[in-house]
Every structure is written in structure tokens, then in C-alpha cells.
There are 2 protein chains.
Amino acid sequence: MQYPEAKEKFLQTWGTLGSSWGISRSMAQVHALLLISPDPLSTEEVMEELQISRGNANMNIRDLMDWGLVFKELKAGERKEFFRAEKDIWKVAKQIIKERRKREIEPLFSVLEDIKQVEGDKNNRKHQELIKAVTNIEGVVEKADFALEKAIKLDENALVGALFKLFK
Amino acid sequence: MQYPEAKEKFLQTWGTLGSSWGISRSMAQVHALLLISPDPLSTEEVMEELQISRGNANMNIRDLMDWGLVFKELKAGERKEFFRAEKDIWKVAKQIIKERRKREIEPLFSVLEDIKQVEGDKNNRKHQELIKAVTNIEGVVEKADFALEKAIKLDENALVGALFKLFK
DNA sequence: TCTAACTTTCAATATGTATTGAAAGTTTAT
DNA sequence: ATAAACTTTCAATACATATTGAAAGTTAGA
């Protein structure tokens, strides 16, 4: 396999991975492109490389910046904006976890708390089952959230080490 | 808030959560319905409750069974099939992690290994950057995979406890 | 202030994915 | 062997989401 094919495969793989985790395919592809680019790229270059429109390129780059995965870089004497990705994948993973915690876990909690306030016959089986499920979910989400919060404060080897010791 | 509204909110919330994690909205909704149902439900009942077609109900129930989250239950004297969901949410989480590891991490590894076999000028910067990125990703995925494999062998409290101790 | 270089927005449109419903398939009982 | 009860499949279709591209907005320098 030659470079162009390998590169294409990488872009596809990262895109597919992203879309199976609820991240838009082309946002993941733009990210992939920046991950393997030795130098920062301009919007034009992203458009050219991925064969996508200006609007699409611009919006995905912007979203990647909102996620804290991509940064704007200015070149001396150039008016154009250039973009580079964080390349340390453990930092990338931590950043994604951090963002998803903020975007999803917090709102989820607030909805679950709402639902638990359901009024009505406390002896009704459906009513009980709903409250039971919601309470159970809250417990697991709370613990998973705690685990993730701690995990992203560690470096990758410390995390592996800690879990390893539990099974030695 | 009365029961019907709370139930609706729960179905919506679980559906949205699912779709933001790459699981189809109605598969998540069928799952939610079974999670709060005191008794196993038939395909007919699922269709009725969620206002979806027979094909849709059947296919999502089947997918949920493939994921190991829902089980077939036969009632004495009834020809129809009934379905119940695993209600222990920690077990549900572990099962989802187990399935995703199998479905996604293993194939991902094999593609990344392929890409690393790229031929050509080892001194080319783009070439180097691609190999660097892929190698880096493999390292993180390997460690995350190990961490998850271990985590799902623990009960939820042991996991929290282990991480807690690291920060005491 | 004006203009050229560049970025952002957004209504129109394309594309991929989910959903339907009826036909085909299967199972069980008689 | 037949028929009724039930499940599965899949081509057609609906729907949500991603994508386009041109117009509007912004910025920096002359």
C-alpha cells in the first residue's frame, strides 16, 4: 500500500469511528486530516484535500475548535487563518471525555431529576418501575461520571497501572 | 408532572442519549420502554405504545437481543413472544461496553495495523506524520481497551473505590 | 474611507438512514 | 395437509441530517 491509499484509509477509518460514536463523519475527517498533517492547514487546503465545500470546511473546523481539539494558528505575513490539531492522542481522548461530560451528563442528570418528581399513585406498578429505573440510572451515571472525572486526571499509564493492581 | 408525561420524557431522553452515542433513536426508545415496563411486552404492545410499525418494532427488538440487552420470554399457553429488558443498569452498561469493544476496537486495530504497513519514503514528512499518528492512536486505544476490560469485571463500587484511593 | 482578502451564515438541496407495510416465511395445532 | 397465528424480510418511501454555494459580514491595509 502506498501513501495516498494509506492516507485515504486513515481518513475513512477515523470518519467511520466518529460517526459510530455520534460525531459527524466529516467533522471526524477534517480532524483526521489535521492529525496527519505535518503543518497547519488553511480552510482552502482542507476543502481541496477532502473535496468539500467552503461552508462545510468552515463549520467543521469551527466545531473542532469548540471541542478544543483544533487551534487557530496565524502565519507571519499571511492574512489567512491556519489550523492545527492537538496530536497527543491521550490529550485528545481526555478532551473529548471532558466535553461529553459537560455536554451530556449534566443535562441528563437534570432531566432524570425532573422525571423522578412524577406525581401520582406511588403504589402503581408502572409508576414504581419508572422511578426504579430512573434511580438506578442516576446511580450508575453518577459513578461512571466520577470514574471518568478521575481517569482524565491521570496519565494513561497510571490508569492502566491502577486497574492492573486490582487484578494482580 | 403526571405519569404519562414522565414516561414520555423518559422515552425521549433515552432516545436522544442513544442517538448521540451512535445508537439508533428508536432502538433506544424500545429499550427505554422495556426498561420501565413491569412485565414483558409483546411486539404488538411495543408497536402500540411507541406508535411504530411492525417491521420497525421487530427489527429493533431483534437488535436489542443481539446486543444482549433484551431477552425473549415465552408465556405458558401463549404462542406470541414476549420481551423483557435487563434492568440492572450496571449490567446494561457493562454489556454495552463489552459489545462495543468487540464490534469496534478489534476491527479498528486491524485497520490501523494495515495502515502502518504503508510503503514508501520513510523520510517524507507526511509519511512520518501518518505513521506517528497511527502508532500514537494504537497506544491509547490499547490502554483504553485494557482499562475497559478490567473495569467491566468490577462492580461499580469497586471501580469508584479504586480510583478514589488514587486521589486520597 | 474604500477595497480586496478572507470568514461566516443560511436557505436550498442532496444524501444517508430509519420507517413502513404488505408479502413471504415459519411454526403450531388439528 | 391445511389453516391460523405469528415473525421476518425488503423494496418503496419518508425523514432527519449533512452539504452546498452564494450572499452577507468582517477585517486589515492602502
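Below, chain A is the first sequence line, B the second, and so on; all start at residue 1.
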Visitor: Is there any salt bridge (Lys or Arg N to Asp or Glu O under 4.0 Å) pair reaching into residues 17-41 of chain B, and which pairs are they, with sequence neighbours excluded?
Guide: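 Listed by first then second residue: A:Arg125-B:Asp39.
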
Visitor: If you measure from OG on B:Ser42 to CD on B:Glu78, what distance do you get to the nearest 0.5 Å?
Guide: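 Here the rounded value is 8.5 Å.
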
Visitor: Starting at the 5' end of DNA chain D, which residue's closest nucleotide do you reach first, A:Asn56 or B:Ser19?
Guide: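 Nearer the 5' end of the strand: B:Ser19.
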
Visitor: Send over the distance from A:Asn60 CG to D:dA18 P, rounded to a whole Å.
Guide: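 In whole Å, D:dA18 P and A:Asn60 CG are 9 Å from each other.
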
Visitor: Would you call A:Glu5 and A:Lys9 a salt bridge, taking side-chain N to carboxylate O under 4.0 Å as the test?
Guide: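 Between A:Lys9 and A:Glu5 there is no salt bridge, as every charged N stays at least 4.0 Å from the carboxylate O atoms.
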
Visitor: Starting at atom NZ of B:Lys80, determine the distance to atom C1' of D:dA5, rounded to an integer number of angstrom.
Guide: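 Rounded to the whole Å, the gap is 9 Å.
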
Visitor: Please check if any side-chain donor atom of A:Asn58 sits under 3.5 Å from a side-chain acceptor atom of A:Thr43, or the reverse.
Guide: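 No donor-acceptor contact under 3.5 Å links the two side chains.
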
Visitor: By a strict heavy-atom criterion of less than 4.0 Å, which residues belonging to residues 64-79 of chain B are in contact with DNA chain C?
Guide: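 Residues of residues 64-79 of chain B under 4.0 Å from DNA chain C: B:Arg79.
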
Visitor: What residues, two or more places apart in sequence or in another chain, satisfy salt bridge (Lys or Arg N to Asp or Glu O under 4.0 Å) together with B:Glu119?
Guide: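 Checked B:Glu119 against salt bridge (Lys or Arg N to Asp or Glu O under 4.0 Å); zero matches.
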
Visitor: Does A:Lys72 qualify as a cation-pi partner of A:Phe82, given the criterion of NZ or CZ under 6.0 Å from the six-membered ring centre and within 45 degrees of its axis?
Guide: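 Not satisfied by the 6.0 Å and 45° rule.
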
Visitor: First and last nucleotide of DNA chain C in contact with chain B, 5' to 3', at under 4.0 Å to a heavy atom: what are they?
Guide: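 Under 4.0 Å from chain B, the extent on DNA chain C is C:dA18 to C:dT28.
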
Visitor: So do the side chains of B:Met59 and B:Arg62 get within less than 4.5 Å of each other, counting heavy atoms only?
Guide: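 Not touching, per the 4.5 Å side-chain cut-off.
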
Visitor: Taking for each residue the nucleotide of DNA chain C bearing the nearest heavy atom, is the 5' side occupied by A:Arg25 or by A:Met59?
Guide: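 Going by which nucleotide is closer to the 5' end, it is A:Met59.
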
Visitor: Looking at B:Lys87 and A:Glu129, is any side-chain nitrogen of the basic one under 4.0 Å from a carboxylate oxygen of the acidic one?
Guide: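 A salt bridge is present here (some side-chain N lies under 4.0 Å from a carboxylate O).
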
Visitor: Considering only heavy atoms, which members of residues 39-55 of chain A lie under 4.0 Å from some atom of DNA chain C?
Guide: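 Only A:Arg54, A:Gly55 qualify.
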
Visitor: Using a 4.5 Å cut-off between side-chain heavy atoms of Ile, Leu, Val, Met, Phe, Trp and Tyr, which other residues end up in the same hydrophobic cluster as A:Met1?
Guide: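 Noted: A:Met1 shares its cluster with no other residue.
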
Visitor: Parallel, tilted or perpendicular: which fits the ring planes of A:Trp21 and B:Trp21, with parallel below 30° and perpendicular above 60°?
Guide: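 If you compare the ring of A:Trp21 with that of B:Trp21, the planes turn out perpendicular.
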
